[in-house]
Number of protein chains: 2
Amino acid sequence: MNNRFPQNFEGPPAVCEGCDARAVSVCSSIGDRELHRLAAIATVVDADPGFSFITEGDPADHFYNLTRGTVRLVKLLPDGRRQITGFGYRGDFLGLAVSSSYAFSAEAIEPVRFCRFPRRSLRRLLDEYPALEKRLLEVASNELVAAQEQMLLLGRKTARERVASFLLSLDAKTTCVHRGPAIILPMTRGDMADYLGLTIETVSRTVARLKKEELISVPRSDTIVLLDREGLEDLAAGNGEGS
Amino acid sequence: MNNRFPQNFEGPPAVCEGCDARAVSVCSSIGDRELHRLAAIATVVDADPGFSFITEGDPADHFYNLTRGTVRLVKLLPDGRRQITGFGYRGDFLGLAVSSSYAFSAEAIEPVRFCRFPRRSLRRLLDEYPALEKRLLEVASNELVAAQEQMLLLGRKTARERVASFLLSLDAKTTCVHRGPAIILPMTRGDMADYLGLTIETVSRTVARLKKEELISVPRSDTIVLLDREGLEDLAAGNGEGS
DNA sequence: CGAGGGTTTGAATTAGATCAACTCTCGTGG
DNA sequence: CCACGAGAGTTGATCTAATTCAAACCCTCG
């Protein structure tokens with residue numbers, strides 16, 4: 001047992017006790033001491049659906065760690081065309097911008113809670129604890145891999161393949177989204193469309209078709225059960241036979 | 001003047017002298033001492049166009065620093081559909097995979113030279129020199145921003161907007177690609193198509209149209225001059241007026 | 001000069017978008 | 001309890017940007 005540290009540094013900080021994201025976020029991969037330092041510079045914030053806590057183009061003053069709820073990451077064109085570059089779930093770390101301004105907006109699509117860290121303070125902490133920086137590099141690398149996968153989807157997959165890929169990737173998020181075997185979609189058809197580079201109508205038709213083909217069932221429009229995972233995986237990988 | 005280091009650690013390593021990428025790569029942001037350590041674990045490799053030095057799915061045993069030439073980063077679907085997720089230019093750092101296998105292939109499209117680092121050795125160096133890790137996080141963050149921009153392009157931009165965006169991004173790569181005011185394309189129409197989520201024919205027609213509209217001139221099929229940068233920027237940003 | 005990549009151009013086709021109507025769900029308030 | 005309204009979702013008819021199919025047309029290099 002290690003007793004080099006003062007009493008008050010044993011165990012996690014009070015504010016982190018009972019945090020829904022503790023087990024799944026960057027916080028899980030660092031020691032109590034680092035966690036105390038992190039907690040000391042964090043502000044916990046709650047927000048309602050629709051709240052936009054990062055705005056594309058604004059100065060990138062903060063980092064965020066999402067501890068509850070789901071957000072969408074949005075890029076806009078001047079005429080209103082919208083691309084969702086990703087969704088942030090419980091445990092996700094947001095705001096990794098090197099440049100001085102954010103490259104996307106982040107909007108709550110459910111009631112959310114997050115820890116907000118001033119950029120400068122976190123920067124200082126990172127310099128002090130290389131393990132933290134290391135962990136962030138891992139996070140960034142993983143996101144990069146996901147981004148490349150999404151480019152493949154947007155550039156080369158059909159609507160069916162996109163929807164199948166999306167449902168499987170949601171299903172793989174074991175830490176959220178599920179209720180029993182069912183996936184509870186936190187996002188609307190419009191969000192799905194803007195994430196998959198399709199229109200609302202095409203998403204709706206495609207979901208309807210997967211349902212008719214009995215690859216999925218859709219008890220409610222926001223609830224989806226994967227009935228034939230193998231079939232969906234073939235589809236998502238680009239092996240969809242006929243039509 | 002700093003003379004804490006042994007004589008042989010003053011100045012850059014011999015192998016880095018005259019390296020075309022010295023000024024533009026990660027190497028530029030570290031000290032001579034780190035550079036010597038890096039050089040000690042590096043193998044310099046030359047390869048011809050077509051050579052595939054990273055293969056999607058293979059164990060990720062090495063990192064690469066490209067010092068000459070251009071590569072394409074490729075993801076494939078089983079039926080041969082291809083998405084190029086990016087191009088690597090002189091100075092670019094490749095192979096940032098956390099997982100045990102590469103998420104894409106990398107293929108030379110020009111004669112290339114690169115430094116190859118065994119993953120384990122570099123990992124050890126990173127632990128020793130946090131500045132290096134920090135630099136890599138910066139690199140990864142920048143790539144992430146670029147990836148998000150590319151998702152917007154693939155998901156929501158028209159063919160004209162995609163080609164205009166691509167030409168401008170090439171033009172911004174001041175460290176390569178240019179001969180005078182002209183851009184010398186290192187890649188084929190097929191590569192452009194697979195990067196932009198289009199077909200060869202659409203790329204060709206779109207370039208022809210931009211030429212007819214006098215936004216660009218195309219003295220040879222691999223050479224492009226931007227005539228109306230502002231017009232192209234409007235287009236790329238999604239402000240393209242009529243048709 | 002002829003062969004083989006890469007590129008261009010034209011005509012026909014189509015996946016998905018657009019336009020338009022209708023339905024479902026759910027919360028509010030009379 | 002039911003009428004109402006608003007937002008989200010579905011479904012159908014039509015349209016179109018980009019693809020596909022097809023046929024030249026370069027260059028470059030042996």
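By convention in this document, chain letters (A, B, ...) are assigned in the order of the sequence lines, proteins followed by strands, and residues within each chain are numbered from 1.
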- Message: The side chain of A:E201 is closest to which nucleotide in this list: C:dA17, C:dT9, C:dT18?
- Response: C:dT18
- Query: Among A:V163, A:T202, A:L167, which one satisfies side chain to side chain contact (heavy atoms under 4.5 Å, CB included) with A:V207?
  - Reply: A:V163
- Message: Side-chain N or O of B:T202 versus OP1/OP2 of D:dA18: is the shortest distance under 4.0 Å?
- Response: no
- Query: Roughly, in whole Å, what's the span from CG in A:L196 to P in C:dA15?
  - Reply: 19 Å
- Message: Among D:dT20, C:dG16, C:dT9, which nucleotide has an atom closest to any side-chain atom of B:T199?
- Response: D:dT20
- Given B:R82 and B:D191, is the salt bridge (charged side-chain N to carboxylate O under 4.0 Å, His left out) satisfied, shown in steps? CA-CA 9 Å; B:R82 192 176 76 143; B:D191 289 334; 2.8 Å; yes
- Query: Between atom NZ in B:K157 and atom P in D:dA17, what is the gap in whole Å?
  - Reply: 19 Å
- Item | Residues B:E201, B:R205: salt bridge by 4.0 Å N-O rule | no
- Item | Residue whose closest nucleotide on DNA chain C lies nearer the 5' end, B:R189 versus A:R162 | B:R189
- Message: Without decimals, in angstroms, what is the distance between A:R81 CZ and C:dA17 P?
- Response: 13 Å
- Query: Given D:dT19, D:dA13, D:dT10, which nucleotide is nearest the side-chain atoms of A:R205?
  - Reply: D:dA13
- Of all the nucleotides listed (D:dG9, C:dG16, D:dA18), which has the minimum atom distance to the side chain of B:A159? D:dA18
- Item | Whole angstrom value for the distance that separates C1' of D:dA17 from CG of B:L198 | 11 Å
- Note on the structure: Separation of C:dG5 atom P from B:I109 atom CD1, nearest Å, is 18 Å
- Earlier contact from the 5' end, DNA chain D, for A:R156 and A:V207: A:V207
- Return the set of residues passing side chain to side chain contact (heavy atoms under 4.5 Å, CB included) with A:L154 (not counting sequence neighbours), or none when no residue passes. A:Q83, A:Q150, A:R162, B:M151, B:L154
- Task: Using atom CZ of A:R209 as one end and atom P of C:dA15 as the other, report the distance to the nearest whole Å.
- Result: 10 Å
- Picking from D:dT19, C:dT7, D:dG9, the nucleotide nearest the side-chain atoms of B:T188 would be C:dT7
- Contact class for B:I200 vs. all strands (heavy atom < 4.0 Å): base, sugar-phosphate, or nothing? base
- Message: Regarding A:R220, tell me which of base, sugar-phosphate or nothing describes its non-hydrogen contacts under 4.0 Å with the strands shown.
- Response: sugar-phosphate
- note: A:D194, atom CG; C:dA17, atom P; distance rounded to Å ~ 11 Å
- Message: Please report the distance, rounded to the nearest Å, between CG in A:D222 and P in D:dG7.
- Response: 18 Å
- Message: Students often get this wrong, so: under 4.0 angstrom with heavy atoms, is A:S221 touching a base, only sugar-phosphate, or nothing?
- Response: sugar-phosphate
- Item | B:E17, CD: over 12 other non-hydrogen atoms inside 6.0 angstrom | yes
